[in-house]
Amino acid sequence: MKILLTGKDGQLGFELARALAPLGEVLAVGRANCDLADADALRALVRSYAPDVIVNPAAYTAVDRAESDRDTAFAVNARAPGVLGEEAARLGALVVHYSTDYVFDGSGQAPYTEADSPAPQNVYGRSKHAGELALAEACPRHLIMRTSWVLGAQGGNFAKTMLRLAAERGQLRVVDDQCGAPTSAGLLADLTAHLVRQHAREGGQAFPYGIYHVAASGETSWYDYARFVLGAAREAGMPLRAGPEDVLPVHTAAYPTAAKRPANSRLDTGRFRHAFGLRLPPWQDGVRQVLQQIIQKDIDA
Ligand SMILES: NC(=O)C1=CN([C@@H]2O[C@H](COP(=O)(O)OP(=O)(O)OC[C@H]3O[C@@H](n4cnc5c(N)ncnc54)[C@H](OP(=O)(O)O)[C@@H]3O)[C@@H](O)[C@H]2O)C=CC1
Ligand SMILES: Cc1cn([C@H]2C[C@H](O)[C@@H](COP(=O)(O)OP(=O)(O)O[C@H]3O[C@@H](C)C(=O)[C@@H](O)[C@H]3O)O2)c(=O)[nH]c1=O
Ligand SMILES: [Mg+2]
């Protein structure tokens, strides 16, 4: 099996390079050898490698920056998945792609299902939703995993931001009225490998292609997540100026950002768990694992 992996230096791409390695020959590309905003170059790359599977974690993920950089966000998040889909369809290849809780408007308290209509509130969310549609239309053999609040040891994320701020300051202010589930890149990569393997064995008519909500189980707010991270980091002996007790809860209105974020980022993962018979561990497990890796990296450095 030949697998083309984009975004190899991102949080998820880094973990996918590890998790996909035992399944076949993996061509892992990053920004340096594959600019996703260059549709012609992307098309040429897929044609020359002719993969059986394309795994596409590359994305424009700077949520606030996207508000003032709409064209790039759409080129990477909307157009590129369409191009990958078109080329995959010609090859009969599978495309695995990732999307976000930010496609929803975040109203209500109930977890969103795949049947709920997206209504993104920011440019990033609109570009990711456009990418879902472009891929699905171009290539019926797709798996789109909509996930939330991704964190990994490689790359940037909220947990790392909290560790950095807590090392610099004695107090942090974090919003407590946006809820979701932090999901580790390692978990998403391992789940992806299971799906790719299952597809290689029994792909075809019976395979449950489509869009799935995939996140760690449980839920939290950014505020409680920040407190959890600082508590675990302190237990592990990290030198921090601010601990969990130094995090102040604030309302979204008191923490202005360029992009509007959904208050409800809960994803109902029932469809995924039943279709593939896989369990989604609690978010705390993934956060603890990533923190251990970050701390180990610190010690090694
Ligand atoms: N991060 C999160 O919280 C969430 C992410 N997702 C989705 O999951 C997927 C993986 O996200 P994650 O790993 O966290 O994202 P990262 O931002 O960690 O990684 C994305 C990678 O894509 C690369 N990239 C961006 N633009 C281009 C381009 N024009 N050409 C080539 N490469 C490019 C980035 O490079 P560079 O660093 O140089 O820009 C980076 O290496 C994405 O589809 C994202 O939308 C879904 C929900 C939550
Ligand atoms: C740094 C910081 C953020 N916040 C708030 C802002 C925001 O509402 C929330 C999270 O901030 P961030 O900017 O780190 O997170 P953000 O970049 O919005 O994270 C999102 O990224 C994209 C790619 C996704 O797909 C989403 O699932 C989600 O993970 O916390 C504070 O309240 N205090 C702080 O000190
Ligand atoms: Mg961010």
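Start at 1 and go down the list; that is how both ligands and their atoms are numbered. All values below come from the heavy atoms of this structure, side chains included, with hydrogens, waters and symmetry mates left out. One-based numbering along the sequence shown.
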Proximal ligand 2 atoms for [X], defined as those under 4.0 Å from one of its heavy atoms:
| X | answer |
| --- | --- |
| Thr100 | 24 (C), 25 (O), 26 (C), 27 (O) |
| Met162 | 1 (C), 2 (C), 34 (C), 35 (O) |
| Val63 | 17 (O), 21 (O), 22 (C), 23 (C) |
| Tyr124 | 22 (C), 23 (C), 24 (C), 25 (O) |
| Leu165 | 35 (O) |

Whether the side chain of [X] engages the backbone of [Y] through a donor-acceptor N/O pair (distance < 3.5 Å, no angle test) should be reported.
| X | Y | value |
| --- | --- | --- |
| Glu15 | Leu188 | no |
| His142 | Cys139 | yes |
| Asp64 | Ala259 | yes |

Within 45 degrees of the axis of the six-membered ring of Phe74 and under 6.0 Å from its centre: does Arg70 put its NZ or CZ there? yes
Axial cation check for Tyr49 ring with Lys2, 6.0 Å and 45° limits: yes
Can you check whether [X] has an N/O within less than 3.5 Å of an N/O in ligand 2?
| X | answer |
| --- | --- |
| Asp101 | yes |
| Ser148 | no |
| Val175 | yes |
| Arg261 | yes |
| Thr161 | no |
| Trp149 | yes |
| Thr61 | no |

Supply the members, apart from Leu133, of the Ile/Leu/Val/Met/Phe/Trp/Tyr cluster built from side-chain contacts under 4.5 Å; use none for a lone residue. none
Applying salt bridge (Lys or Arg N to Asp or Glu O under 4.0 Å), which residue pairs with at least one partner in residues 134-163 are found, sequence neighbours left out? Glu132-Arg146
Side chain to side chain contact (heavy atoms under 4.5 Å, CB included) with Ala58: which residues, sequence neighbours excluded? Thr6, Leu36, Asn56
More than 12 heavy atoms of other residues, nucleotides or ligands under 6.0 Å from CZ of Arg43: is that the case? yes
Over 12 foreign heavy atoms within 6.0 Å of CD, Glu245: yes
Closer than 4.0 angstrom, basic N to acidic O: yes or no for Arg241 and Glu168? no
Check this for me, if you would: do Arg266 and Glu219 make a salt bridge, where the nitrogen-to-carboxylate-oxygen distance has to be below 4.0 angstrom? yes
Does ligand 2 have a heavy atom under 4.0 Å from the side chain of Arg173, from its backbone, from both, or from neither? backbone
Run through ligand 1 for me and note each protein residue having a heavy atom under 4.0 Å from it, chain first, then residue number. Asp9, Gly10, Gln11, Leu12, Arg31, Cys34, Asp35, Leu36, Ala37, Pro57, Ala58, Ala59, Thr61, Val76, Tyr98, Ser99, Thr100, Tyr124, Lys128, Thr147, Ser148, Trp149, Val150
